[in-house]
Amino acid sequence: MVMGELPEKVDLAVVGGGVGGYVAALRAAELGMRVALVDTEKRGGHCLNYACIPSTTLIHISDIFYEARNSEKFGIHADNVTLDAKKMYEWRMAVSKKLEEGVAYLCKANQIDVFKGTATFVSASKLQLTDGVDLEFRNAIIATGSLPTRIKGFEFDGKLVLDYKQALMLDYQPKSMVVVGAGYVAVEIGMLYAKLGTEVHIIARSDVLSRFDRDAVAVLKKRMEALGIKVHAGVAPESHDGGTVKLSDGSAISGDVIVVAVGLTPYTDDLGLENTKVERDPKGFVKVDAQLRTAESDILAVGDVIGEPMLAHKAMRQGVVAAEVASGMTTAYDNKAVPAVIFSDPEVAIVGSVEEKEGIKVKKFPLTALGRAIALDATAGFVKIAYNGDGIVEGVEIVSRNANAMIAEAALAIEMGASVEDIADTIHPHPTFSEAVQEAAEAAFGKPVHFFYGKE
Ligand SMILES: Cc1cc2nc3c(=O)[nH]c(=O)nc-3n(C[C@H](O)[C@H](O)[C@H](O)COP(=O)(O)OP(=O)(O)OC[C@H]3O[C@@H](n4cnc5c(N)ncnc54)[C@H](O)[C@@H]3O)c2cc1C
């Protein structure tokens, strides 16, 4: 759009074109609002260009590579399987480009005015864009996301010390890699490169995935060991000299690259929030109410910038809610369940809580008893289901191949207030991994089929 065409005042200005922002813009346009969407960088934000999509793309490639080299048990002998890292990189970049173009197409089709540049609030009703363009709005949505958290002494240089974006954009395969951090991003990146043949070290201040269920972590740790990943737990990185990282216990480890994956920090730099009444909490997250309104009621906020869980599907849901609220609807962000998936091997997917506590029982079905898992030699894992005294499902954890696809059933169950009986009596297709969810529910309901839990 050229400056002369700029509308006097838009109904909605969305700052940030990531999954939170562009979904909000699309929903608002569908509702008949005149919408402007501003992003400093690429449409689709981090998820499409640097995070979820690139990481799962590369994980898929690493799985194919690893399987091709490790399928003798199935009678497959594939000699000389090699990796063309440049080609892998080109595929990964092409996927992001295609998705970015898809977002651009949808914006155009919905007549959204898209601006490339940084937007700064100069008041509670006006943004100034790079180049000095003023954009007046009736409502605005802040969807500026997050950036990789930095640690002192490990400044990103894009060559030796990498953030997660750079680690997912390499056009060569490092021989060795030190991953600083042990959350889900660190585990995904570590496993993916280990499967490609990189020697991987993971540095964990306390332990790998310290905030996750230990039963799930035990399965992953076993797999990491089998992949040759060396976990250095209970130590902190102190400094580095080239690729050699000095640890707090006096030891040192080396890698061709050092990947720092210690979390995400909400991003509000350059936003000019000081020119509004919008408030942030001590961690820097923008504060919102149940309708995602900030302290300036015409300015809403969604996605990573408003807090945990920092996940794309949460941002998308909030984008829809914020657009509807801005259009005058009474929608609120009141979802009971936000599923989360670690794209590890096996995958770990969780929704709600599976912690055993007063009034909550937990039943676990092991994949060793599942036909499909035995056929695929993928029996490392289980499904846990937690339910209250009325049998209502409170949480589900799936540690399994295809867990990413199966967890949606559990999220729906929790949103609908379904019981373990509802899941147990629903016919699940055979032979599939999804039967494990049904089996866990059957056991919870007191009628286990393919696993003997002993006489109760
Ligand atoms: C390696 C990795 C893997 C991940 N994998 C998954 C996954 O598998 N599933 C999942 O659900 N989540 C995943 N996530 C998290 C997911 O990427 C984020 O939750 C999601 O991108 C948040 O979307 P958002 O719209 O809030 O912000 P972002 O995607 O960060 O988008 C914010 C946008 O705002 C723009 N912006 C910022 N300030 C301004 C300004 N002042 N003016 C104009 N534009 C501005 C930025 O350029 C950016 O494009 C992953 C994260 C990482 C790091």
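Along the sequence shown, residues are numbered consecutively beginning with 1. Just follow the structure's listing: the first ligand is 1, and inside any ligand the first atom is 1.
Residue G117 places a heavy atom under 4.0 Å from ligand 1. Remark: distances from the non-hydrogen atoms of Y50 to ligand 1 are all 4.0 Å or more. Distances shorter than 4.0 angstrom do not occur between any heavy atom of T56 and any atom of ligand 1.
Between the side chains of T198 and Q173, at least one donor-acceptor pair of N or O atoms lies under 3.5 Å. T265 and S146 share no donor-acceptor pair across their side chains, judged by distance under 3.5 Å alone.
No part of A340 comes within 4.0 Å of ligand 1, judged by heavy-atom distances.
Close approach of ligand 1 to G20 is summarised as follows: ligand atoms under 4.0 Å from at least one heavy atom of the residue are 25 (O).
Nearest to atom 53 (C) of ligand 1 by heavy-atom distance, out of F343, F115, Y164, is Y164. When the heavy atoms of G303, A312, A167 are ranked by distance to atom 12 (N) of ligand 1, first place goes to A312.
Looking at D304 and K314, no side-chain N of the basic residue comes within less than 4.0 Å of a carboxylate O on the acidic one, giving no salt bridge. Of the charged side-chain nitrogens involved, none lies within less than 4.0 Å of a carboxylate oxygen, so that K287 and D281 do not count as a salt-bridged pair.
The protein heavy-atom contact nearest to atom 42 (N) of ligand 1 is A119 N, 2.9 Å. With respect to atom 19 (O) of ligand 1, the closest heavy atom belonging to the protein is D304 OD1, 2.8 Å.
Ring-plane geometry between F121 and F137 is classed as perpendicular, the angle between the planes exceeding 60 degrees on a 0 to 90 degree scale with a lower cut at 30.
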